K.L.:
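My structure is below; once you've seen it, I'll send some questions.
Convention: sequence-line order gives letters A, B, ...; per-chain numbering from 1. In this text, all values refer to a predicted model and were calculated from it rather than measured experimentally.
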Number of protein chains: 2
Amino acid sequence: MSIQLLFGQNVRLAREKKGWSQDRLSDESGLHRTYISGIERGVRNPTIEIVQQVAVALDVDIQELFADLKVKASFYD
Amino acid sequence: MSIQLLFGQNVRLAREKKGWSQDRLSDESGLHRTYISGIERGVRNPTIEIVQQVAVALDVDIQELFADLKVKASFYD
DNA sequence: ATGTGACTATAAGTCCGTA
DNA sequence: ATACGGACTTATAGTCACA
């Protein structure tokens, strides 16, 4: 898995955990909505400045956005 | 402190911990020597792909390169 | 062995849409 | 509410000569 996809999925998880739409995260981070979409899909390769902007908006540590993805528990249920 | 400088200083710490020159890190990462220099000084704003390349070369977790910098123990010694 | 300014090619990031 | 495309501006990637 690419680092872009790992990052993107972690952003999506953190966003959904807050119950936010991409539009909402866009507003909070100051980044364009379509760009957020691209990040979450792993098709963008953001700079660390953008990473920080997203982390601040989501109120999470940058490190959390690079955390290894856990296999969903439901996979084993 | 900017995220670029935080990242850069963490890279420098990890590199020096291994006793590597910037030249050596350049070889190991495939990135140009002057680019490594720019990263460590915080004047570059690398993408997450570059971050991963550096982390792999230094054999550290990406998260370590975003760790809060500790005040040097020697400051209190 | 490292810092710096300058450079070109490429990608980041924005904004307009459509589905 | 999200994915995706095209066109656009700005910044980064990557490199060099020199201090």
K.L.:
Could you tell me whether Ile36(B) contacts a base, only the sugar-phosphate backbone, or nothing, with contacts defined as non-hydrogen atoms closer than 4.0 Å?
P.N.:
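Touches nothing.
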K.L.:
Between dG3(C) and Ser37(B), is there an OP1 or OP2 to side-chain N/O distance shorter than 4.0 Å?
P.N.:
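The answer is yes; a side-chain N or O of Ser37(B) sits under 4.0 Å from OP1 or OP2.
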K.L.:
Output yes when a side-chain donor or acceptor of Ser29(A) lies under 3.5 Å from a complementary backbone atom of Val54(A), and no otherwise.
P.N.:
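Side chain of Ser29(A) to backbone of Val54(A): no pair is present.
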K.L.:
Are there any protein N/O atoms within less than 3.5 Å of an N/O atom in nucleotides 15-19 of chain D, and if so, which ones and at what distance?
P.N.:
residue: dT15(D); atom: O4; partner: Arg44(B); partner atom: NH2; Å: 3.3
residue: dC16(D); atom: N4; partner: Thr34(B); partner atom: OG1; Å: 2.9

K.L.:
Using a 3.5 Å cut-off on both pairing distances, which stems of three or more Watson-Crick or G-U pairs include DNA chain D?
P.N.:
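As far as DNA chain D goes, consecutive pairing (with distances under 3.5 Å) yields the stems C:3-19 with D:2-18.
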K.L.:
OP1 or OP2 of dA11(C) versus the side-chain N and O atoms of Asn45(A): is any pair under 4.0 Å?
P.N.:
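For dA11(C), neither OP1 nor OP2 has a side-chain N or O of Asn45(A) closer than 4.0 Å.
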K.L.:
Heavy-atom nearest nucleotide on DNA chain C for Thr47(B) versus Asp23(B): which residue maps closer to 5'?
P.N.:
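The answer here is Asp23(B).
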K.L.:
Roughly how far apart are Ile62(A) CD1 and Gln63(B) CD, rounded to 0.5 Å?
P.N.:
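Output value for this atom pair is 11.5 Å.
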K.L.:
Can you tell me if Arg24(A) touches the phosphate of dT2(D), counting only side-chain N or O atoms and a distance under 4.0 Å to OP1 or OP2?
P.N.:
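Answer is no, no contact under 4.0 Å.
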K.L.:
Arg41(A) side chain N/O closer than 4.0 Å to the phosphate oxygens (OP1, OP2) of dG5(D)?
P.N.:
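Answer no for this pair, as no side-chain N or O of Arg41(A) is under 4.0 Å from OP1 or OP2.
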K.L.:
With no hydrogens and no angle check, is any side-chain donor or acceptor of Arg15(A) less than 3.5 Å from a backbone partner on Trp20(A)?
P.N.:
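It does hold such a pair.
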K.L.:
Just by distance, do the side chain of Asn45(A) and the backbone of Glu49(B) share a donor-acceptor pair under 3.5 Å?
P.N.:
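Side chain of Asn45(A) to backbone of Glu49(B), a donor-acceptor pair under 3.5 Å: yes, one is there.
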K.L.:
Is there a donor-acceptor pair closer than 3.5 Å between any side-chain N or O of Arg41(A) and the backbone N or O of Ser37(A)?
P.N.:
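Between the backbone of Ser37(A) and the side chain of Arg41(A) there is a qualifying donor-acceptor contact (under 3.5 Å).
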K.L.:
Does the side chain of Gln22(B) get closer than 4.0 angstrom to OP1 or OP2 of dG3(C) through an N or O atom?
P.N.:
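Yes, such a contact exists.
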K.L.:
For Ile48(A) and dT12(D), give me the distance from atom CD1 to atom P, rounded to whole Å.
P.N.:
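About 10 Å, once rounded to whole Å.
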K.L.:
Please tell me which of Val43(B) and Glu49(B) maps to the more 5' nucleotide of DNA chain C, matching each residue to the nucleotide holding its nearest heavy atom.
P.N.:
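The answer here is Val43(B).
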K.L.:
Taking CD1 from Ile39(B) and P from dT4(C), how many angstroms apart are they, rounded to a whole number?
P.N.:
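In whole Å, dT4(C) P and Ile39(B) CD1 are 15 Å from each other.
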K.L.:
To the nearest Å, give me how far apart CD (Gln53(A)) and P (dA12(C)) are.
P.N.:
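Whole-Å distance recorded here is 15 Å.
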K.L.:
Please determine if a side-chain N or O atom of Arg12(B) lies less than 4.0 Å away from the OP1 or OP2 oxygen of dG3(C).
P.N.:
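Answer is yes, contact under 4.0 Å.
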K.L.:
Can a side-chain donor-acceptor contact be found between Glu40(B) and Gln9(B) if the only test is distance below 3.5 angstrom?
P.N.:
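Side chains of Gln9(B) and Glu40(B): no pair found under 3.5 Å.
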K.L.:
Which residue in the set Val51(B), Ile50(B), Ile48(B) passes side chain to side chain contact (heavy atoms under 4.5 Å, CB included) when paired with Ile3(A)?
P.N.:
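Answer after filtering Val51(B), Ile50(B), Ile48(B): Ile48(B).
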K.L.:
Checking contacts here: which listed nucleotide (dG14(D), dG13(C), dT2(D)) is nearest the side-chain heavy atoms of Ile50(B)?
P.N.:
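Of all the options, the side chain of Ile50(B) is nearest to dG14(D).
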K.L.:
Is there a path from Val56(B) to Ile39(B) through hydrophobic residues (I, L, V, M, F, W, Y) whose side chains come within less than 4.5 Å of each other?
P.N.:
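Different hydrophobic clusters.
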